[in-house]
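The structure appears below as structure tokens.
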Amino acid sequence: MANGSKQIVDFAKIKATMADPYKHPVQVIDREGKVVNPDILAKYSDDQLVDFMKKMVWERTLHEQTMNFSRQGRLGFYAPTAGEEASEMGSVTAFKEQDFLAPAYRDLPQMIQHGTTVAKGFLWSKGHVEGNIHENKNMLFPQIIIGAQYVETAGVALGIKKNQDKDRVAFVYTGDGGTSQGDWYEGVNFASAFQAPAVFFVQNNGWAISVPRYKQTAAETLAQKAVAMGVPSVQVDGMDIVAVHEVSKLAREYAAAGNGPVVIETLTYRFGAHSSAGDDPSRYRTKEEEKPWFDADPLIRMRKVLTDKKLWSQDQEDKLVEEYKDDFKNAMKEAEAAPAQKVSDFLKWTYNVPTPSVKKQIAEFEAKESK
Amino acid sequence: MAKMTYIKAITSGLDQVLNDDPKTLIFGEDVGKNGGVFRTTVGLQDKYGEDRVFDTPLAESGILGLAIGLALTGWRPIPEIQFMGFTFEAMDGIVGQLARDHYRFGGTKNFPVTIRTPFGGGTHTAEMHADNLENYFVSTPGLRVVTPANPYDAKGMIISAVESDDPVLFMENLKLYRSMKDEVPDEKYTVPLDSAKVVREGKDITIVAYSAEVNESLKAADALAKDNIDAEVIDLRSLSPIDTDTIFASVDKTHKVVVVQEAQKMAGVGAQVASDIAEEKIMSLDAPIGRVAAPDSVYPFAQAENDWIPNADDIEAKARDIFNY
């Protein structure tokens with residue numbers, strides 16, 4: 001090639017510009033609690049804003065109470081949610097009862113908001129099958145395999161489309177690590193190919209246990225991955241509940257109108273460990289990294305907006321926290337009162353119609369259990 | 001009644017279930033316009049439309065996820081995995097999710113998914129296109145695994161599989177697709193998903209086999225008959241569950257048994273049958289349980305398949321050993 005002539009293709013330039021549309025995450029309230037998008041905020045009534053705050057206080061209290069129960073040995077696996085309240089409550093509140101939720105293991109709060117009970121959430125954590133049964137509620141149980149819920153959501157969304165259900169979508173959550181899974185791509189691509197009504201959330205909290213987001217991919221944003229599948233996507237400030245809610249609502253409307261799926265990356269942070277099973281974030285994170293995220297606490301931000309509007313006070317919040325704590329303690333009592341699980345029941349539920357050998361094993365265990 | 005090939009019998013069964021239940025859906029790679037790479041679904045898209053019979057993006061995990069999601073929204077999915085070797089890509093969907101879901105929901109939700117997949121060797125296909133992978137699936141609680149060995153059973157069992165509210169892995173033998181014809185009723189009928197069948201009665205020795213090895217066993221039985229050894233041949237049909245009643249009744253009659261499978265020997269269906277017999281019927285046996293299986297190598301490249309797959313001669317030789325014990 002002659003000096004100075006242009007290359008037919010400039011890969012470096014292509015790579016450098018791929019993330020351009022995503023470089024300014026959607027934001028309504030900034031880190032200092034300043035309203036940067038007053039037109040959007042004005043769409044929300046005082047009651048709605050107070051409700052957002054209540055829901056975040058509810059989730060934070062649930063988290064703290066759950067950690068207490070966990071330390072007391074009264075729970076099993078639990079994935080801490082502190083820091084992700086705006087992302088979780090902002091998104092789930094944008095969906096309707098008829099919408100189908102496919103949660104991952106960090107999404108108990110959304111399930112409870114979508115219609116199941118706190119006691120069921122505790123039962124799931126304790127490893128009781130009752131925690132998986134949400135009859136007449138449109139949801140799966142929390143998925144443990146990273147990404148399986150993405151391909152299943154494509155199926156649910158296609159089912160909704162085939163049923164010609166109007167005003168109904170499927171919505172699903174995974175984390176930043178989840179976007180490395182093949183199922184993530186297959187799920188988004190299937191929903192796109194079928195133009196099925198699904199909203200895919202990536203709660204990018206920066207860490208997949210100890211592996212940082214930048215080691216998952218050289219893509220600058222996770223949202224941009226959706227472009228390859230022909231799916232519109234957006235990055236949103238995941239510590240800003242108003243922004244998350246507004247974007248989620250628009251995504252839902254877009255999908256429900258028959259336009260196909262949407263991918264939403266929420267930029268958030270996990271304040272604590274990956275799980276209650278005891279990973280120690282100090283092994284892989286620094287205080288310097290954590291501090292700005294702790295300062296960006298979604299509750300602090302919303303508290304400031306509401307206090308400025310004279311809609312909120314510390315007294316009010318303290319009272320709420322006590323009420324919620326009582327609710328959670330009662331829910332734990334309810335969970336602890338659940339009857340013990342029986343092996344004969346597992347066998348009965350292994351097949352809809354038990355096979356001959358399973359039938360035999362049911363009889364064996366029933367005899368054992370009646371002693 | 002018409003004479004039909006194994007593949008036509010499956011097509012006829014699928015046609016019937018699509019016709020009878022508007023909630024049934026066939027999907028997978030190439031199943032639409034192309035009618036599947038083996039033409040099993042040929043004509044069904046024309047007849048039932050692209051909403052009912054449709055091609056998916058080329059991704060097996062996606063296909064299984066789609067099936068689970070569709071089942072959750074009230075549909076009765078019949079996904080096709082183009083070759084059994086490709087089920088590895090869908091292992092989480094089949095084993096980790098679908099098979100467990102009825103239990104995980106505490107019995108409150110059904111997953112009436114029928115996964116169709118061709119398998120079995122001897123047709124000189126490319127690598128990963130012929131594997132016998134049933135061993136992985138029969139050890140999966142919550143999943144039924146069936147494989148008909150003739151056109152009549154193929155039609156009756158595909159209808160039973162689709163109508164079953166349990167997930168079923170329906171294995172279709174590549175070699176049988178066009179190599180045999182049977183009288184197959186045009187109307188709808190079902191063959192149970194959990195029963196073996198005595199396909200040849202005999203009094204001297206029992207040969208238990210499934211899929212293409214049933215035909216090899218029948219050939220071996222004919223050869224043995226020339227020496228007045230009267231072999232009974234049982235077609236398992238269902239690999240999970242295994243119909244031990246039919247097997248035990250035969251062992252009580254013949255007191256000698258050979259178990260045959262095309263798959264590698266290690267931890268296979270034949271091993272399960274042998275251990276079931278050993279557990280319940282050891283006092284009825286007059287000889288050790290004979291086993292015929294492929295060797296425990298990786299599935300061979302096409303040119304070597306015929307040396308590798310157990311055939312009628314292998315079965316005959318093993319049956320003579322056991323008979324003369």
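Just so it is clear, the structure is predicted and the values come from calculations on it, not from any experiment. Reminder, nothing fancy here: chain letters follow the sequence lines and each chain counts from 1.
- Between chain A and the residues B:Pro241, B:Ala99, B:Pro57, the largest count of heavy-atom pairs under 4.5 Å involves B:Pro57.
- The number of heavy-atom neighbours closer than 6.0 Å to CD of B:Glu50, taken from other residues, nucleotides and ligands shown, is 12 or below.
- In terms of heavy-atom pairs under 4.5 angstrom with chain A, the leader among B:Asp194, B:Asp245, B:Thr244, B:Thr56 is B:Thr56.
- Residue with the most contacts toward chain B among A:Ile160, A:Val358, A:Ile145: A:Ile145 (heavy-atom pairs, distance under 4.5 Å).
- Within residues 23-35 of chain B, the residues having any heavy atom closer than 4.5 Å to a heavy atom of chain A are B:Lys23, B:Leu25, listed by residue number.
- Of the atoms belonging to A:Ala193, it is side-chain heavy atoms, and not backbone ones, that fall under 4.5 Å from chain B.
- Atom CZ of A:Phe77 is surrounded by more than 12 heavy atoms from other residues, nucleotides or ligands within 6.0 Å.
- Side-chain atoms of A:Leu140 and B:Leu72, non-hydrogen and from C-beta on, do get closer than 4.5 Å to each other.
- Remark: B:Arg144 qualifies as a cation-pi partner of A:Tyr351 under the 6.0 Å distance and 45° angle criteria applied to the six-membered ring.
- Using a 4.5 Å cut-off on side-chain heavy atoms (C-beta onward), B:Asp51 and A:Lys162 make contact.
- Here the side chains of B:Asp243 and A:Pro356 are not in contact, with every heavy-atom distance at 4.5 Å or above.
- Using non-hydrogen atoms only and a strict 4.5 Å limit, no part of residues 117-128 of chain A faces chain B.
- Only the side chain of A:Phe194 comes within contact range of chain B, with heavy atoms under 4.5 Å apart.
- There is no contact between A:Tyr150 and chain B, counting heavy-atom distances below 4.5 Å.
- Considering every non-hydrogen atom in both B:Ile68 and A:Glu152, the closest pair reads CD1-OE2, 3.6 Å.
- Shown here is B:Arg104, whose CZ atom has more than 12 heavy atoms of other residues, nucleotides or ligands within 6.0 Å.
- Residue B:Thr140 touches chain A through its backbone alone, counting heavy-atom pairs closer than 4.5 Å.
- With a 4.5 angstrom heavy-atom cutoff, B:Ser164 does not touch chain A via any of its atoms.
- Shortest non-hydrogen contact noted between B:Gly62 and A:Val151 is CA-CG1, 3.7 Å.
- Remark: B:Ser61 OG to A:Tyr185 OH distance equals 14.0 Å, nearest 0.5 Å.
- The shortest distance between side-chain heavy atoms of B:Leu70 and A:Leu158 falls below 4.5 Å.
- Counting heavy atoms from C-beta on, the side chains of A:Gln143 and B:Gln97 come closer than 4.5 Å.
- Other residues, nucleotides and ligands contribute over 12 non-hydrogen atoms within 6.0 Å of the CZ atom of B:Phe88.
- Proximity of A:Val129 to B:Phe105: side-chain heavy atoms (C-beta onward) are nowhere separated by under 4.5 Å.
- The main-chain N or O of A:Ala148 is never found under 3.5 Å from a side-chain atom of B:Asp92 such that the two would form a donor-acceptor pair.
- Among residues at least two apart or in separate chains, there is no salt bridge (charged side-chain N to carboxylate O under 4.0 Å, His left out) pair with a member in residues 177-195 of chain A.
- You'll find the side chain of B:Thr73 reaches within 4.5 Å of the side chain of A:Val156, heavy atoms only.
- Of the atoms belonging to B:Phe54, it is side-chain heavy atoms, and not backbone ones, that fall under 4.5 Å from chain A.
- When heavy atoms are compared at a cutoff of 4.5 Å, B:Asp55 approaches chain A solely by way of its backbone atoms N, CA, C and O.
- Of the listed residues A:Asn163, A:Asn132, A:Asn138, A:Ile144, the one with more heavy-atom pairs under 4.5 angstrom with chain B than any other is A:Asn163.
- With rounding to the nearest 0.5 Å, the separation of CG in B:Leu143 from OG1 in A:Thr355 is 11.5 Å.
- Under the 4.5 Å side-chain criterion, counting only non-hydrogen atoms from C-beta, A:Asp345 is not in contact with B:Tyr103.
- Taking each heavy atom of A:Ile133 and B:Gly106 in turn, the nearest pair found is CD1-CA, 3.7 Å.
- In terms of heavy atoms, B:Asp101 sits closest to A:Phe141 at OD1-CZ, 3.5 Å.
- Taking B:Lys188 as the reference, B:Asp20, B:Glu163 meet the salt bridge (Lys or Arg N to Asp or Glu O under 4.0 Å) condition, with sequence neighbours excluded.
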